[in-house]
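Structure record follows, encoded as structure tokens.
Residue numbers begin at 1 in each chain, while the letters A, B, ... track the order of the sequences.
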2 protein chains.
Amino acid sequence: MATIGDVAREAGVSRSTVSSVLTGRKFVSPETREKIEAAITMLGYSVNAGARALATARTMTLGVVVRFHEAEFSPALATYLVALADAARESGYAVVLLTEPDGEAAVNKAIAGRQVDGLVLLSVVEGDPRLGPIAEAGYPAVLVGMPEDTRGIDSVDLDFAAAARLLVDHLADHGHREATFVRWPDKVYAGGSTYAIRFASAAEKRAGERGLTLEPLSCSVGPEQVRAALRDELGRADGPSALIVHNDAASAMLQFALHDTGLDVPGDRSVVSLHSAELARLYALPFTSVESGPDVVAHAAIEMLVRRIASPDAPAEARLVGPRLIERGSVATVA
Amino acid sequence: MATIGDVAREAGVSRSTVSSVLTGRKFVSPETREKIEAAITMLGYSVNAGARALATARTMTLGVVVRFHEAEFSPALATYLVALADAARESGYAVVLLTEPDGEAAVNKAIAGRQVDGLVLLSVVEGDPRLGPIAEAGYPAVLVGMPEDTRGIDSVDLDFAAAARLLVDHLADHGHREATFVRWPDKVYAGGSTYAIRFASAAEKRAGERGLTLEPLSCSVGPEQVRAALRDELGRADGPSALIVHNDAASAMLQFALHDTGLDVPGDRSVVSLHSAELARLYALPFTSVESGPDVVAHAAIEMLVRRIASPDAPAEARLVGPRLIERGSVATVA
DNA sequence: CTGAAAGCGCTTACAG
DNA sequence: CTGAAAGCGCTTACAG
């Protein structure tokens with residue numbers, strides 16, 4: 001493999017001049033630059049990342065901390081990972097996967113081993129133990145997911161409150177007066193998942209303002225249980241004219257429950273939902289929905305992290321990404 | 001951050017002695033070793049990966065080349081990525097994500113930049129352009145997916161032929177005499193996807209041996225089209241007693257088609273399928289199936305790659321991972 | 001505008 | 001069994 005010395009020799013200049021064109025930090029005369037560039041392509045030279053990292057104390061790689069075995073539960077995870085890697089590459093960074101079961105240990109190791117310049121924490125939850133070491137070390141990081149207390153760490157997330165308002169407005173605009181609010185299992189709210197809480201609070205508030213009555217339906221865990229709960233709800237003779245769903249399992253199982261009960265959307269019931277594009281695609285979900293946009297979130301996360309690495313002392317930012325309504329015709333207009 | 005020099009000073013030894021305990025390559029007296037270890041924990045020292053990489057010419061990181069936007073189509077991708085990272089970590093390697101849209105460029109860049117010691121190529125297809133640069137450079141790599149011509153590169157994949165035999169035997173053992181073979185779209189076979197071809201050939205051969213008649217049903221693309229095709233097939237008055245499915249979309253949509261036609265499994269039709277555990281979980285698929293085992297495949301891939309890095313000149317290996325039958329009671333016994 | 005020199009934090013022969 | 005020295009491939013003041 002060619003080194004900077006080979007290039008220098010080939011171009012007839014010193015190593016530092018080659019370095020200058022490599023880093024772009026110094027002016028080099030066009031003629032010299034051209035000679036150097038020619039030498040580079042002719043030798044197939046490419047800078048040794050490790051050596052550069054050693055000299056600059058910057059690895060130009062970012063760590064993505066994945067929650068243990070999250071892969072089993074999140075259809076959107078792969079999309080996030082690829083989107084993060086894409087965004088990072090655009091900023092000149094590589095991405096390493098940190099999958100250690102103990103997330104806190106993973107973070108500690110990453111910080112101590114300085115193999116990365118910054119960390120992206122995926123699926124951050126309330127009281128996430130991974131935040132501790134980062135906050136203490138003042139290490140550059142960005143949270144995807146927004147806990148109540150971000151410990152002074154930058155964070156980015158879907159604007160769940162805005163999403164809820166969008167969905168409620170959509171139903172109200174179509175004349176609906178009451179809707180079943182299919183929620184996550186109670187323990188999700190009790191566990192302090194802020195996204196669930198932010199959605200629910202905003203939905204209730206906006207519903208009140210728009211004269212829409214929300215009947216909460218808490219689902220338990222497990223596809224079959226969720227399906228049964230939905231079937232029961234749909235089977236009610238005097239049920240609401242619409243459903244507003246914030247529960248991935250319920251969104252997925254709703255079609256089965258509709259089949260079970262022989263009901264039609266939007267003929268018999270109108271449906272709006274909050275779920276990822278992956279879920280929609282995987283289950284071919286035909287519901288008008290608000291999506292979380294992994295690409296947008298990932299790009300924002302990387303942008304914030306890169307900025308944070310450059311300015312460690314800037315004030316922390318909490319960024320909410322605006323929701324997007326995907327119209328799928330699952331809402332009927334009622335008189 | 002503490003350096004090896006700090007540790008040496010703290011322990012009252014030379015830097016090379018510290019290095020000896022770090023690498024474990026030389027015998028160091030227990031007393032000295034203990035002093036050094038104490039100094040390490042007391043200083044919170046951790047070796048600088050970049051410096052070590054520079055000195056050893058080994059980065060201890062592996063690159064995973066993801067096919068462009070594969071995330072959109074493969075529910076198993078996240079599982080593979082996490083499993084690969086896990087397995088790599090167990091061998092002391094980190095994993096970086098290479099997501100460049102142009103896979104060939106990604107490979108070239110990775111080789112030229114020597115940021116990784118080896119490459120894992122995910123979802124390798126027939127005529128995959130990523131193989132060229134690897135074969136030419138003789139670069140350490142392992143393919144997940146097994147094309148006809150591996151170009152002398154190690155590869156690992158599910159044993160699709162064995163999987164097909166397992167499924168055919170399962171139906172035959174339960175007395176079935178004819179089955180609809182729900183295949184991928186024709187172009188998949190025409191495009192040379194060896195996994196599809198290996199499955200189909202073995203299924204047909206074994207079916208012949210077991211006296212099971214296979215009626216091929218080629219599905220087109222798109223969930224609704226697949227669903228319609230299945231509905232038509234299930235609606236046939238004289239249809240076969242069983243279905244053997246090798247088509248993810250069909251496996252996913254089969255439940256809907258069953259609902260559409262009011263048929264019951266295994267009462268009206270028996271079903272066996274080849275699909276990933278992710279698909280099964282995401283769609284709550286209730287079919288007896290053979291699974292590809294991302295964990296097993298990922299571990300095998302990393303093991304092979306690590307070995308290849310150690311012995312660049314060993315003969316290439318093509319490893320088939322045995323299938324596992326997951327019994328879900330979707331096959332009835334016929335007289 | 002270009003070059004000689006020092007240094008980033010390790011490892012590894014080589015002496016002792 | 002331990003240490004002094006060179007070197008891995010870069011970058012970055014510092015001279016010129």
Side-chain angles (χ1 to χ4, degrees), chain A residues 1-40 43-61 92 94 109-117 310, chain B residues 1-40 43-61 92 94 110-117:
Chain A
M1 280 282 103
T3 72
I4 199 174
D6 299 327
V7 175
R9 195 175 320 118
E10 178 70 29
V13 298
S14 76
R15 301 193 306 150
S16 35
T17 305
V18 176
S19 182
S20 295
V21 351
L22 253 27
T23 60
R25 289 188 154 310
K26 266 185 169 178
F27 184 91
V28 175
S29 71
E31 309 88 69
T32 316
R33 166 185 302 276
E34 256 167 43
K35 274 192 301 185
I36 292 174
E37 277 162 358
I40 286 176
L43 293 171
Y45 170 79
S46 166
V47 5
N48 179 316
R52 172 173 279 181
L54 187 57
T56 58
R58 281 233 187 291
T59 62
M60 294 312 282
T61 110
K109 221 174 101 180
I111 294 180
R114 25 192 176 358
Q115 320 207 12
V116 298
D117 294 333
Chain B
M1 281 280 102
T3 73
I4 199 174
D6 299 326
V7 175
R9 194 176 318 117
E10 178 72 29
V13 299
S14 77
R15 300 192 306 150
S16 36
T17 305
V18 176
S19 182
S20 295
V21 351
L22 252 29
T23 60
R25 288 188 154 310
K26 266 184 171 180
F27 185 91
V28 175
S29 72
E31 310 88 71
T32 316
R33 167 185 301 277
E34 258 166 42
K35 274 192 301 186
I36 291 172
E37 276 162 358
I40 286 175
L43 293 171
Y45 170 79
S46 165
V47 5
N48 179 317
R52 173 174 277 182
L54 187 56
T56 59
R58 280 233 187 293
T59 62
M60 295 311 282
T61 109
I111 294 179
R114 26 191 174 0
Q115 319 208 11
V116 298
D117 294 334

Proximal nucleotide (of dT2(C), dT11(D), dT2(D)) relative to the Thr32(A) side chain
dT2(C)

Looking only at heavy atoms, the pair that brings Leu54(B) and Ala51(A) closest together is CD1-CB, 3.6 Å

Return the value, rounded to whole Å, for the distance between atom CD1 of Ile36(A) and atom C1' of dT2(C).
10 Å

Non-hydrogen side-chain atoms of Arg15(A) and Thr3(A) separated by less than 4.5 Å
no

Expected output is a numbered-order residue list: members of residues 47-61 of chain B with a heavy atom under 4.0 Å from any atom of DNA chain D. What is it?
Leu54(B), Ala55(B)

Watson-Crick/G-U partner (both atom distances under 3.5 Å) of dA4(D):
none

Please find the pair of heavy atoms, one from Val28(A) and one from Ser20(A), that lie closest to each other, and give the distance.
CG2-CB, 3.7 Å

Quick one: pull up CD in Glu10(A) and CD1 in Ile36(A) and give me the separation to the nearest 0.5 Å.
11.5 Å

Name the closest nucleotide to the Lys26(B) side chain, picking from dC1(C), dC10(C), dC14(C).
dC14(C)

Taking Arg33(B) for the side chain and Glu31(B) for the main chain, is one N or O donor matched with an acceptor at less than 3.5 Å?
no

Are Ile40(B) and Leu22(B) side-chain neighbours, meaning at least one heavy-atom pair lies under 4.5 Å?
yes

Between Ile4(B) and Tyr45(B), the two heavy atoms sitting closest are N-CE1, 3.6 Å

Whole angstrom is fine here: how far is it from CZ in Phe27(A) over to C1' in dG3(C)?
17 Å

When the distance from OH of Tyr45(A) to P of dG9(D) is rounded to whole Å, what number comes out?
10 Å

What is the minimum heavy-atom distance between Thr23(B) and Arg52(B), and which atoms define it?
CG2-NH2, 4.2 Å

Could you give the CZ-to-P distance, from Arg9(B) to dT2(D), as a whole number of Å?
19 Å

In the structure shown, which nucleotide is the Watson-Crick or G-U wobble counterpart of dA13(C), with both distances under 3.5 Å?
none

Rounded to whole Å, please give me the gap between CD1 in Ile4(B) and P in dG7(C).
18 Å

Among residues 11-20 of chain A, which residues get a heavy atom nearer than 4.0 Å to DNA chain D?
Arg15(A), Ser16(A), Ser19(A)

Do Val13(B) and Val18(B) have side chains that approach each other closer than 4.5 Å (heavy atoms only, starting at C-beta)?
yes

